[in-house]
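Shown next, in structure tokens, is the structure this report addresses.
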Amino acid sequence: MTHHIVVLGAGYAGLSAAKGAARRLRGTGVRITLVNAVGHFVERVRLHQLAAGRPLKELPLARLLAGTGIDLVVARVTAVDAAARTVRLDSAPYAIGYDTLVYALGSGADTAAVPGAAAHASAVATYQDAVRLRERTAGARGALAVAGAGLTGIEAATELAESHPGLTVHLVTDGEVGAGLSERGRRYVRRALDRRGIAVREHTRVSEVAAHGLVLADGGEIPADSVVWTAGFRVPALAREAGFAVDARGLLTVGPTLRSTSHPEVFAAGDAVAAYGPDGAPSRMSCQTGLPMGAYVGRGVAASLTGRALRPLRLRYVAQNISLGRDDGLTQFTRPDDSPVPAILTGRASARFKETVTRGTVLVLRR
Ligand SMILES: Cc1cc2nc3c(=O)[nH]c(=O)nc-3n(C[C@H](O)[C@H](O)[C@H](O)COP(=O)(O)OP(=O)(O)OC[C@H]3O[C@@H](n4cnc5c(N)ncnc54)[C@H](O)[C@@H]3O)c2cc1C
């Protein structure tokens, strides 16, 4: 019987896994189906741009998959029945059986982290989040508070401040802005935030999001007409509900070749995967993690069917690229384990570098 590979999620990880497997298994009769909630590829790294009112290029999945032989199913996965090896969907064909499953459903904003965030805050983690935020802030004046000052929070705050000069933007974090950056990197980001008039509140814990803004753990408040929640990401509950081995955050646990530790017929890649960084540390949720993982899983799935062995994946990082509006940015160079070194690239040069990398990523996925 024909072996059926089903890939869940057509983000950076799932798309590269599906295309990599298809290329290697061409002519073998193996079927590959890619399931995604929407019919286009979402460039998540540009969602803060979309939220700020800058339309993204249309990238229909059908076009990205042309000539690959991969079947595309546009539907939302509602469950995985691991015993029956079947994926359940919210629309036709409603169920798909698999022999090998690639789980690459990415992540979303963790709006369950504090009371009120789900009801009152927007996010920039998914396409729908970014569109909603764009609608809420179109022509807005008054105050906007961004909760969370990791890379996504910094990018969202600077982009929104630049595109909405009438808004007073607050950036609030319980730690330090850009905590994972070098000293020089943090200083550059602080100056960029100051230049845009963004009010930074560090070491300030948010305990609730209310209709009128942020309620703080120390009893204070930051009044805001809109709140953007970027303080943490969470993964869908589908892996846990399927009975796949997951960690405390619901991320799928995998061995050194990205196969599920509980279900060897399941591979996983991208934000949905736990503990694959150096020394077993959680890997950073990023394209720089998801893309090589996806490409590796594409090779791994093909190798598992052709009886070849694969060396464990070694992730090696080079830099983190942070946009600070359209013409400014920070490239933080890193050691292979993703820890920062003092070297940075800043300003227009960094913004151009990031744009080149982002376009290059899409070119790789088109290939
Ligand atoms: C605003 C923003 C800026 C970022 N900037 C950078 C950056 O500069 N550099 C960097 O390296 N990383 C960046 N990241 C992180 C990066 O985008 C993610 O780590 C990356 O997208 C993860 O890839 P993935 O394939 O695992 O998941 P995703 O890209 O999220 O893809 C998951 C796919 O699964 C689909 N899906 C989810 N649930 C279901 C379901 N139930 N049924 C069907 N389909 C489903 C989604 O529609 C999506 O297509 C940024 C993230 C954000 C939000």
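What you see is a predicted model, and the numbers here were worked out from it, not measured in a lab. The analysis underlying the following values was restricted to heavy atoms, covering all of them including side chains, and did not include hydrogens, waters or symmetry mates. Ligands are counted one by one from 1 in listed order, and the atoms in each one are counted from 1 as well.
Here the OH atom belonging to Y12 is positioned 12.5 Å from the OG1 atom belonging to T289, to the nearest 0.5 angstrom. Distance check, rounded to the nearest 0.5 Å: CG of D338 to OG1 of T334 gives 5.0 Å. Taking CG of N36 as the reference point, atom CG of L8 lies at 9.5 Å (rounded to 0.5 Å). A distance of 9.0 Å separates CD in E221 from OG in S207, rounded to the nearest 0.5 Å.
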Atom pairs and distances, ligand 1 N/O vs protein N/O under 3.5 Å:
unit_1, atom_1, unit_2, atom_2, d
ligand 1, 8 (O), K354, NZ, 2.7
ligand 1, 11 (O), C287, N, 2.8
ligand 1, 11 (O), Q288, N, 3.4
ligand 1, 12 (N), C287, N, 3.3
ligand 1, 19 (O), D271, OD1, 2.8
ligand 1, 19 (O), D271, OD2, 3.2
ligand 1, 19 (O), S286, N, 3.0
ligand 1, 25 (O), Y12, N, 3.1
ligand 1, 25 (O), A13, N, 2.8
ligand 1, 26 (O), D271, N, 2.9
ligand 1, 30 (O), R44, NH1, 2.9
ligand 1, 41 (N), R76, NH1, 3.3
ligand 1, 41 (N), V77, O, 3.2
ligand 1, 42 (N), V77, N, 2.8
ligand 1, 44 (N), A37, N, 3.0
ligand 1, 49 (O), N36, OD1, 2.9
ligand 1, 49 (O), N36, ND2, 3.4

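Under the 6.0 Å distance and 45° angle rule, R195 counts as a cation-pi partner of Y188.
One finds no salt bridge joining E58 and R63 here, because no Lys/Arg side-chain nitrogen approaches an Asp/Glu carboxylate oxygen to under 4.0 Å.
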